[in-house]
Amino acid sequence: MDVTPIIDTLNDAQRQAVTSDNKHILVLAGAGSGKTRVLVHRMAWLIDVQQQAPQSILAVTFTNKAAREMRGRIENMLGIPTRSMWVGTFHGLAHRLLNQHWSEAGLEQNFQILDSDDQQRLVKRIIQGLGMDENRWPAKQAQWFINGQKDEGIRAKFVEDTDDPFIKAHRKIYQAYEDFCKNNSLVDFGELLLRAHEILRDDPNLLQHYQRRFSNILVDEFQDTNTIQYAWLRLLAGEDTAMMVVGDDDQSIYGWRGAKIENIQDFSRAYADTETIRLEQNYRSTGTILQAANAVISRNTGRLGKNLWTSQEDGDPISLYSAFNEIDEARFIAEYVKRRFEQGNNYSESAVLYRSNAQSRVLEEAMLRANIPYRIYGGQRFYERLEIKNALSYLRLCLNRNDDQSFERVVNTPTRGIGNRTLDEVRTVSREQGVSMWQASLKLVDEKTMSARATNALYAFVQLITQLEQAVQGMELEEQAEQAINLTGLVEFHRAEKGEKGQARVDNLQELVSACKAYEADDPDAEVLPQFLAQATLEAGDQQADEHEDALQMMTLHSAKGLEFPLVILAGMEENLFPHSMSADEPGRLEEERRLAYVGITRAEQKLVMTYAECRRIYGDEKFNSVSRFVRDVPNELIEEVRANIKRPSPPGRVRATGGSSRRFSTSDTGMDTGFELGQHVMHPKFGEGVILNFEGHGANARVQVNFHSEGSKWLVVSYARLESI
DNA sequence: CAAACCGGGAAGGCA
DNA sequence: TCCCGGTTTG
């Protein structure tokens with residue numbers, strides 16, 4: 001066996017991990033140290049060299065994207081199909097398991113998966129059904145509670161029984177929700193994991209079967225596992241199962257959604273023979289960038305310890321730009337990116353990362369103005385869009401009339417005269433007689449208890465679905481989708497909407513048909529439609545389109561994890577924004593913010609730029625924040641401050657004036673009277689250093705607003721305040 | 001029943 | 001400031 005292609009390109013630590021004979025291996029993989037590569041090569045090693053059967057391997061990731069990439073790389077490397085391997089996300093694999101053992105899991109064969117939107121609607125209805133005050137117990141919060149419990153593997157009846165009214169109320173909601181889901185064979189995302197865990201836990205034969213089958217378990221991004229995921233893995237790993245978990249405690253940024261960074265620490269305790277391998281050589285970034293990253297993360301406590309190094313040159317210094325407001329910041333970024341483009345780099349080599357989505361709008365406007373193509377990651381995904389969910393709901397109703405979620409969604413979309421009164425009637429009958437809303441509707445139509453108008457409208461809907469189902473029989477998936485959007489009037493409905501929005505929705509519906517055309521079922525023997533629908537929920541789809549256009553990449557720091565770019569610009573490096581004010585008080589959360597900073601910095605390959613704004617408008621009012629502590633953590637000698645006056649070809653006031661909407665600074669050129677410029681750094685005898693933010697008035701009355709590093713923002717009369725420019 | 005209006009809330013986002 | 005959901009109005 002020629003093992004060269006598998007291990008030849010690896011460094012020592014990587015090779016150690018790939019070829020280790022140890023049963024339990026913990027790979028601490030720093031950013032850019034080649035962790036995916038280790039995982040893929042390990043699988044190749046197991047199959048090709050150790051002659052393990054592909055179906056004995058289970059490899060689990062968090063995102064569909066990562067799973068796809070892994071699959072692709074295996075197929076490339078080994079030239080074998082990966083169908084028999086269990087490679088997927090936790091949820092995807094759990095779904096696979098429940099699909100195969102639906103009966104043991106106490107589900108109907110084609111059980112419904114609720115996405116978080118469906119879940120929230122349902123929780124809301126449950127709260128209403130319980131007669132609880134919706135203002136006191138918002139559905140969103142209850143949903144959060146329920147999911148939090150499920151992440152911990154806790155069923156409603158095991159929720160701590162206390163007098164705490166909050167817990168009491170939510171326990172009650174959770175219980176009612178759980179019962180409802182059980183009775184209707186509904187499974188939310190958390191439930192997939194929880195139930196996948198339970199069927200193995202409670203069925204020794206089943207457990208043994210899978211423990212024997214999977215002699216190798218590989219886990220990606222292990223630091224992101226939550227309690228139930230970890231418990232599931234431990235259950236699945238039998239006596240003879242070898243496990244390799246790969247992760248980086250320094251990149252754990254999902255604690256807020258249940259990830260337990262402790263799992264990574266627990267692993268070597270749970271499996272005493274664990275071999276720990278550190279991947280510390282970074283192949284991505286320049287020395288300077290790594291030094292900055294190390295400096296920032298070193299302030300965290302309780303790390304497992306890792307120090308990234310590179311054989312690369314130090315490279316460019318880190319640029320720091322102090323903008324006087326977020327518009328100036330965006331303008332600077334646009335210019336910077338444009339200049340780089342003019343020097344012959346693609347736009348797609350640059351990324352702007354920010355802490356929160358709210359920051360994207362101003363950036364977007366600046367890019368539009370500068371004619372820079374951009375792509376924003378995140379936001380609503382394809383299968384989560386309203387019009388798409390509606391179309392899918394019609395298809396769901398074809399499969400299952402009793403799907404109340406879908407029924408509620410589309411019964412009056414497009415509007416067909418079935419209003420709240422009528423629906424309330426349907427809901428009541430449904431509740432009282434314990435039947436689905438569809439059956440309740442049939443009854444109501446039959447008995448004609450309602451007004452003729454309402455009865456007719458409802459009857460029309462019943463007819464519509466019946467027709468649709470017949471029309472769709474035996475059709476190809478894409479034709480089914482086509483029928484669903486045309487026959488029901490969805491397309492017409494959105495076409496009639498005014499504005500670009502309607503057109504976009506029509507386009508999306510067309511896109512859905514294309515997606516159906518391109519769809520390949522996992523299991524060619526089974527029905528296509530149910531598979532497609534489940535997949536649409538499980539994999540909501542990155543927003544498609546324009547993937548290939550050369551565009552600047554814009555996204556939050558969270559969604560940048562796992563990516564890399566030659567140029568990275570970290571925008572909004574300000575206290576209260578990053579670290580976010582909501583995380584400031586709690587040490588644990590602050591450390592997570594710091595890890596987020598670490599993730600951001602380590603995305604950069606060649607050049608890192610950080611920007612912050614002295615003044616930022618958030619939710620309508622102006623905030624004056626000082627520069628982020630994460631910037632201050634970076635050693636000075638790595639940073640090169642970009643002076644405002646060099647990079648500002650036109651006075652900022654002008655840029656805004658032509659920009660349109662925003663006019664928060666005094667217009668005109670009164671600024672000139674004062675002898676100061678916006679954004680200029682000044683010194684005050686008492687308040688110290690500061691930055692000019694705004695002007696007001698003329699001549700002797702002229703005032704300036706200055707943001708002082710020590711004192712915050714103040715208005716000063718120019719003729720009295722002895723300001724000096726510095 | 002549908003369209004206009006109003007008020008509260010807004011971190012991050014995978015499945 | 002913007003967006004959503006609930007309420008009021010036509």
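Sequence lines set the chain letters: A, B, ... in the order given, protein chains first and strands last, and positions in each chain run from 1.
Applying the ring pair (Phe, Tyr, Trp, His ring centres under 6.0 Å) rule to A:F145 yields the partners A:H170; only residues at least two apart in sequence or on another chain are considered. Residues passing the ring pair (Phe, Tyr, Trp, His ring centres under 6.0 Å) test with A:Y174: none are found, sequence neighbours excluded. Listed by chain and number, the residues in a ring pair (Phe, Tyr, Trp, His ring centres under 6.0 Å) with A:Y598 amount to none (sequence neighbours excluded). Applying the ring pair (Phe, Tyr, Trp, His ring centres under 6.0 Å) test to A:Y354 and every residue at least two apart in sequence or in another chain returns nothing. For A:P587, there are no side chain to side chain contact (heavy atoms under 4.5 Å, CB included) partners, not counting sequence neighbours.
Pairs of residues two or more places apart, or lying in two chains, that qualify as salt bridge (charged side-chain N to carboxylate O under 4.0 Å, His left out) and include a residue from residues 186-199 of chain A are A:K150-A:D188, A:K150-A:E191, A:R155-A:E191, A:R155-A:E198, A:E191-A:R195.
Contact annotation for A:R421: backbone-only contact, meaning every heavy-atom pair under 4.0 Å involves sugar-phosphate atoms and none involves a base. Backbone-only engagement by A:N64 is indicated by non-hydrogen atom pairs under 4.0 Å involving sugar-phosphate atoms exclusively. Among the protein residues, A:S581 comes within range of no part of the nucleic acid, since none of its heavy atoms lies under 4.0 Å from any strand. Contacts of A:N412 with the nucleic acid, taken as non-hydrogen atoms under 4.0 Å apart, involve only primed sugar atoms and P, OP1 or OP2. Here A:D224 lies out of heavy-atom contact (under 4.0 Å) with every strand.
Figure legend: cation-pi geometry between A:R96 and A:W86, with NZ or CZ positioned under 6.0 Å from the six-membered ring centre and within 45° of its axis.
Running 5' to 3' along DNA chain B, contacts with non-hydrogen atoms of chain A at under 4.0 Å begin and end at B:dC1 to B:dA15.
Residues A:E384 and A:N357 both approach DNA chain B. Their nearest nucleotides, taken by heavy-atom distance, put A:N357 toward the 5′ side. Positionally, the nearest nucleotide of DNA chain B for A:T422 lies more toward the 5' end than for the other of A:T63 and A:T422.
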Please enumerate all protein N or O atoms sitting under 3.5 Å from an N or O of nucleotides 7-10 of chain C, with distances to 0.1 Å.
none

Contacts under 3.5 angstrom, residues 228-236 of chain A side chains, donor-acceptor by atom type, not counting sequence neighbours:
from   : atom 1 : to     : atom 2 : distance (Å)
A:Q229 : OE1    : A:N226 : N      : 2.8
A:Y230 : OH     : A:D266 : OD2    : 2.8

